[in-house]
Peer 1: 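I'd like to ask some things about the structure below.
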Amino acid sequence: MDGRQGSGGIGQRIGEDELSSTNDQTDGSTTTKKKNRPPKPQTALRGFLSKSLNQTTRERIFFNRLAFDLKIAAARVGYHMHLYEPDVDRDGFDIIVEDGETTRYLQLKAVLASADKNYWPISVDLFRPRPEVAKFYCKAPVEGGRGGGVILIEIDDENEDGNVTYSFTDFDFIAAIAQGYLVENKLLKNGKERLEPGYMEQAQRALNWVWSAKRSETVDLLRRQFLRLADANGLLEVIGLRSKGYFDVKFVRDGYGAYQIESGGTVGAPFELDERAASTFYHLRRLTALQQSADPVSKAFSRFHIPDVKLPPDIH
């Protein structure tokens, strides 16, 4: 569940001023500024999980937790979800899941809620969309990759229950952010929301790196570029396996590049609500509905909204 691919990533292409202001990521040559925070109270669980000696044990505990949660979510729909581990740890993914129709390669990242980790290096080859999907992004099939995704397992180590929160991202999701189809707001402790500056540019920078880097290199994905989900059922849905929900990423891909949306969700040109637009933003709305509730989001997680596009009542 840790980075295993070659060096590289968007962290090497972000200026030091931007790193300091966003507090999102760092690399070997720069450091991220941290606020002086009082030490968090120690719990027995945190004491165990935070020890480097127990890192492998921690990963296996929460790998099993994820496998259980996904399989139970699939069982509620009425099928057995297959989950496999690669026999050789070399290709940038930890598990393969499939439902008889769809197969996804997934990287897992487990992090303690008390940790300050805000970015993760992910294999470029894993993250590139599959060859048959590359055409939606104006790329040749030969440029495609595994079409994988990343599951972030945030472990609540502030109590002894071992609760987790799942977040997910993949190429399609970050492409939607870069297009302005998902508006990123920071949810503050007072319950108000603040538009996060630069979110579209950071997402586009990640996409550019995915296409320009070697397959053996990595791209740094920011915590703010993950969709924080309410439960494992939502995770099953965004992965694209059979679920109780109806989010279908194909409609989001179909709208890629079709609409001019500016930062903050402002429509930059006359917007025609045709059938494709209605389908695209309907499924984007479903995607945002899978997020965790409106409680303040910890650390650098954001909440996503769709632009202020007027959808007919029957597709809300």
Side-chain angles (χ1 to χ4, degrees), residues 1-2 43-46 48-49 54-87 89 92-113 115 120 122 126 146-170 172-173 223 226-250 252 283 285-295 297-298 301 303-304:
M1 295 187 191
D2 52 1
T43 64
L45 182 64
R46 178 182 299 152
F48 179 85
L49 296 178
N54 297 326
Q55 180 178 350
T56 301
T57 301
R58 181 181 76 188
E59 291 178 355
R60 294 310 302 178
I61 289 172
F62 291 98
F63 167 86
N64 291 329
R65 171 66 180 270
L66 172 68
F68 173 80
D69 286 345
L70 284 177
K71 285 178 175 288
I72 284 294
R76 292 191 185 104
V77 183
Y79 72 96
H80 172 66
M81 186 200 74
H82 296 280
L83 188 152
Y84 314 98
E85 292 182 82
D87 58 350
D89 187 8
F93 59 90
D94 294 303
I95 60 172
I96 306 168
V97 295
E98 61 100 2
D99 62 3
E101 299 175 358
T102 302
T103 301
R104 293 297 304 268
Y105 296 84
L106 301 171
Q107 172 74 296
L108 310 180
K109 297 292 184 182
V111 60
L112 299 181
W120 292 269
I122 305 299
L126 171 72
R146 293 185 182 272
V150 187
I151 298 175
L152 183 62
I153 307 170
E154 186 184 21
I155 305 161
D156 181 3
D157 58 340
E158 297 187 4
N159 59 60
E160 305 291 3
D161 297 329
N163 295 326
V164 298
T165 299
Y166 297 120
S167 300
F168 181 78
T169 195
D170 61 9
D172 296 303
F173 184 69
R223 183 190 287 257
F226 284 75
L227 184 74
R228 205 166 195 246
L229 297 159
D231 52 36
N233 296 294
L235 178 59
L236 191 69
E237 187 172 342
V238 299
I239 289 173
L241 273 59
R242 279 185 287 156
S243 67
K244 290 183 177 181
Y246 42 86
F247 170 70
D248 191 336
V249 72
K250 293 194 295 291
V252 178
H283 285 275
R285 176 164 290 172
R286 173 59 188 169
L287 183 65
T288 60
L290 296 173
Q291 293 178 103
Q292 216 174 46
S293 67
D295 294 331
V297 176
S298 65
F301 279 109
R303 283 185 58 80
F304 293 94

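Worth knowing before you read on, the calculation uses all heavy atoms, side chains too, and leaves out hydrogens, waters and symmetry mates. It should be emphasised that the depicted structure is a prediction, and the values quoted were computed from it without experimental measurement.
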Peer 1: Tell me, please, which residues at least two apart from Ser167 pass side chain to side chain contact (heavy atoms under 4.5 Å, CB included).
Peer 2: Leu152, Phe226, Arg228, Phe301
Peer 1: Under the rule for ring pair (Phe, Tyr, Trp, His ring centres under 6.0 Å), what residues qualify as partners of Phe173, not counting sequence neighbours?
Peer 2: Phe304
Peer 1: I'd like to check the side chain to side chain donor-acceptor pair (under 3.5 Å) partners of Asp99; sequence neighbours left out, ordered by chain and number.
Peer 2: none
Peer 1: Taking C-beta and beyond as the side chain, do Ile153 and Arg65 meet within less than 4.5 Å on heavy atoms?
Peer 2: no
Peer 1: Just verifying a value: how many Å separate Ile239 CD1 and Leu70 CG, rounded to the nearest 0.5 Å?
Peer 2: 5.0 Å
Peer 1: Among residues at least two apart in sequence or on other chains, which ones pass side chain to side chain donor-acceptor pair (under 3.5 Å) with Lys244?
Peer 2: none
Peer 1: Is the number of heavy atoms from other residues, nucleotides or ligands within 6.0 Å of OH (Tyr105) greater than 12?
Peer 2: no
Peer 1: Where do Ile151 and Phe168 come nearest, in terms of heavy atoms and distance?
Peer 2: CG1-CD1, 3.9 Å
Peer 1: Enter the distance from Leu66:CG to Leu235:CG here, rounded to the nearest 0.5 Å.
Peer 2: 6.5 Å
Peer 1: Can you list everything that forms a salt bridge (charged side-chain N to carboxylate O under 4.0 Å, His left out) with Glu98? Sequence neighbours excluded, please.
Peer 2: none
Peer 1: Quick one: closest heavy-atom pair of Tyr246 and Glu237, and the distance?
Peer 2: N-OE2, 3.1 Å
Peer 1: Where is the tightest heavy-atom contact between Gln291 and Ala230, given as atom of each residue plus distance?
Peer 2: O-CB, 3.7 Å
Peer 1: Run the side chain to side chain contact (heavy atoms under 4.5 Å, CB included) check on Leu236 and Met81 step by step: do they pass?
Peer 2: CA-CA 10 Å; Leu236 191 69; Met81 186 200 74; 4.1 Å; yes
Peer 1: Residues two or more places apart in sequence or in another chain: which of them pass side chain to side chain donor-acceptor pair (under 3.5 Å) with Arg146?
Peer 2: none
Peer 1: Taking all atoms of both residues into account, what is the closest heavy-atom pair of Lys109 and Trp120, and its distance?
Peer 2: CD-CD1, 3.7 Å
Peer 1: Sequence neighbours left out, what passes side chain to side chain contact (heavy atoms under 4.5 Å, CB included) with Ile72? Give chain and number order.
Peer 2: Phe68, Arg76
Peer 1: CZ of Phe62 to CG of Leu108: how many Å apart, nearest 0.5 Å?
Peer 2: 13.0 Å
Peer 1: Let me confirm one number: the OH-CD1 distance from Tyr84 to Ile96, rounded to the nearest 0.5 Å.
Peer 2: 8.5 Å
Peer 1: Can you name the side chain to side chain donor-acceptor pair (under 3.5 Å) partners of Asp248, sequence neighbours left out?
Peer 2: Lys250
Peer 1: Look only at the side chain of Arg242 and the backbone of Thr102, and say whether a donor-acceptor pair between them is shorter than 3.5 Å.
Peer 2: no
Peer 1: Who passes salt bridge (charged side-chain N to carboxylate O under 4.0 Å, His left out) against Asp172, sequence neighbours left out?
Peer 2: Arg253
Peer 1: Hey, what do you get for CG (Asp231) to OG1 (Thr165), rounding to the nearest 0.5 Å?
Peer 2: 10.5 Å
Peer 1: Measure the spacing between CZ of Arg104 and CG of Leu241 and express it to the nearest 0.5 Å.
Peer 2: 8.5 Å
Peer 1: Where do Gly92 and Leu126 come nearest, in terms of heavy atoms and distance?
Peer 2: O-CD2, 3.1 Å
Peer 1: For residues Ala232 and Ala73, report the shortest heavy-atom separation together with the two atoms involved.
Peer 2: O-CB, 4.2 Å
Peer 1: Does Tyr166 have any ring pair (Phe, Tyr, Trp, His ring centres under 6.0 Å) partners at least two apart in sequence or in another chain, and if so, which?
Peer 2: none
Peer 1: Using modelled atom types only, decide if a donor and an acceptor are shared between the side chain of Glu154 and the backbone of Val111 within a distance under 3.5 Å.
Peer 2: no
